[in-house]
Amino acid sequence: MYSADAVICGAGILGLTIARELVAAGFRDIIVFDKEDRPGRHASGRNSGVLHAGIYYDPGTMKARMCLEGNRRMQAYCEEHGLPLFKSGKVIVAREEGELATLDELKRRAEANGAEVEMLDEAGLAEIEPNARTVGRALYSPLTAVVDPGAILTALRDELERSGRVRFFFDTRFLAPRPGAVRTSQGDIAYGLFINAAGAYSDKVAHAFGIARNYRLLPFKGIYRTLKKPAADKIHGSIYPVPNIRNPFLGVHFTRNVHGDVYVGPTAIPAFGRENYGVLRGIDGEFVAILLRDLRMFLDNEKFRAVALEEPRKYFFGHFYRDAARLVRHIAPNDFQSSPKVGIRPQLVDMETSELVMDFIIKRHGDTLHILNAISPAFTSAMRFAELVVREHVAA
């Protein structure tokens, strides 16, 4: 049997940053295990790389408290380690007059969260993003930046291995809990503290320990396209629409990444598997259960119903193009090309209330700790969030 002071299930961004904080807190022996062959094979390695800047989130929520400081720490980490960092800034544009009230609410939230934002008129927008289109006003976030998630994950893994206190077990699946240990596909691992940072499978791990049974994860698929040149050259940073702030999705947007490529997306299409990256690929034995959850949410929750009716259309290029074209002045259908980039957003749902859960959730249960709903801005927030986890739920 293997053993460690702390055992972390999941080698995504939260698993790695929590391990880093445990090292800083004095833990001598830490095991991080993951069913994949390297860190961040799913949400952590498939996201857009945008570091958000505390604009969207209700003041007082964990997301609001973690995001901006997480942004600053991640940018500092990239600068310290020479990792790609593009201080792009972001504009949020209104597609119609009815969205201006929400734009004002985003400014209020941002200021309450300590974020730096500026309301621009159309002339001011044109100076920053000449190709962006808005109705009357736009919100500018200078602290939004873009990173290379893969480079950060690699650097964190190297740092943890160099510490001499962290062992990685890859190709290792969680199977079941045992008293003081977990059963995995590589054998039992005993722990002093077990941390569930299993991302899209965090609810299933928590349920195995008999907790958080009212929560289920519903997967949403994000597909992207890229822009060809010279259309890509007209996008300077990131251009986002005013979102529906009652939902946790930000809408199709333009993002120039650290390598100069411009991605458009993602969608938020209900998926039929936690790894349903293709049309059929990733659909497994859980398909029926997920479909039944989707059906229940469709019937019970108006917000989910709106997403389920609108988003699947964006599989078809015409609908995707019309959504994107509302954000910019000049774009043509032949400026787009397909992209292999696909992500799954595992959105937590409270099945007792049929409501989408909007904030991060941390559940302590004996000598186990469970991180649920680790979705955007989880990558941005990771370094600050990991500190909170260790200081308030481990060391306390």
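The ring of F168 has its center no closer than 6.0 angstrom to the ring center of F33. For Y240 and F254, the ring centers sit 6.0 Å or farther from each other.
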Next on the checklist: Under the criterion ring pair (Phe, Tyr, Trp, His ring centres under 6.0 Å), I'd like the reasoning laid out for F336 against F317: C-alpha separation, chi angles, the key distance, then a yes or no.
Outcome noted: CA-CA 9 Å; F336 292 79; F317 176 70; 5.6 Å; yes
Checklist entry - How far apart are the C-alpha atoms of E387 and R73, what are their side-chain angles, what is the distance that settles it, and do they pass the salt bridge (Lys or Arg N to Asp or Glu O under 4.0 Å) test? => result CA-CA 11 Å; E387 179 186 58; R73 293 187 187 189; 3.1 Å; yes
Item to check | Full working for side-chain hydrogen bond (donor to acceptor under 3.5 Å, both in side chains) between E105 and Y56 | outcome: CA-CA 9 Å; E105 170 61 14; Y56 300 103; over 6 Å; no
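Annotation for H370 and V205: closest pair CE1-O, 4.5 Å, computed over non-hydrogen atoms. Of all the heavy atoms in T17 and A382, the pair that sits closest is OG1-O, 3.6 Å. Of all heavy-atom pairs between G89 and Y140, the closest is CA-CE1, 4.3 Å.
Ring geometry for F249 versus F220: interplanar angle of 30 to 60°, hence tilted.
A continuous path of hydrophobic side-chain contacts links F379 to I8 [ILVMFWY only; heavy atoms under 4.5 Å].
Under 4.0 Å is where a charged nitrogen must lie from a carboxylate oxygen, and between D104 and R137 at least one such pair does.
Checked against F174 for a side-chain contact (heavy atoms from CB on, under 4.5 Å), the options D34, T184, V182 give a single hit: V182. The only option from R216, R274, R213 that meets the salt bridge (Lys or Arg N to Asp or Glu O under 4.0 Å) definition with D203 turns out to be R274.
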Residues 258-269, side-chain donor-acceptor partners within the protein, below 3.5 Å, at least two apart:
from	atom 1	to	atom 2	distance (Å)
H259	NE2	D148	OD2	3.2
T267	OG1	K221	O	3.1
T267	OG1	I223	N	3.1

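Taking CG from L356 and CG from D350, the interatomic distance works out to 10.5 Å, rounded to the nearest 0.5 Å.
Annotation: cation-pi pair R326/Y321 absent, no NZ/CZ under 6.0 Å from the ring centroid and within 45° of its normal.
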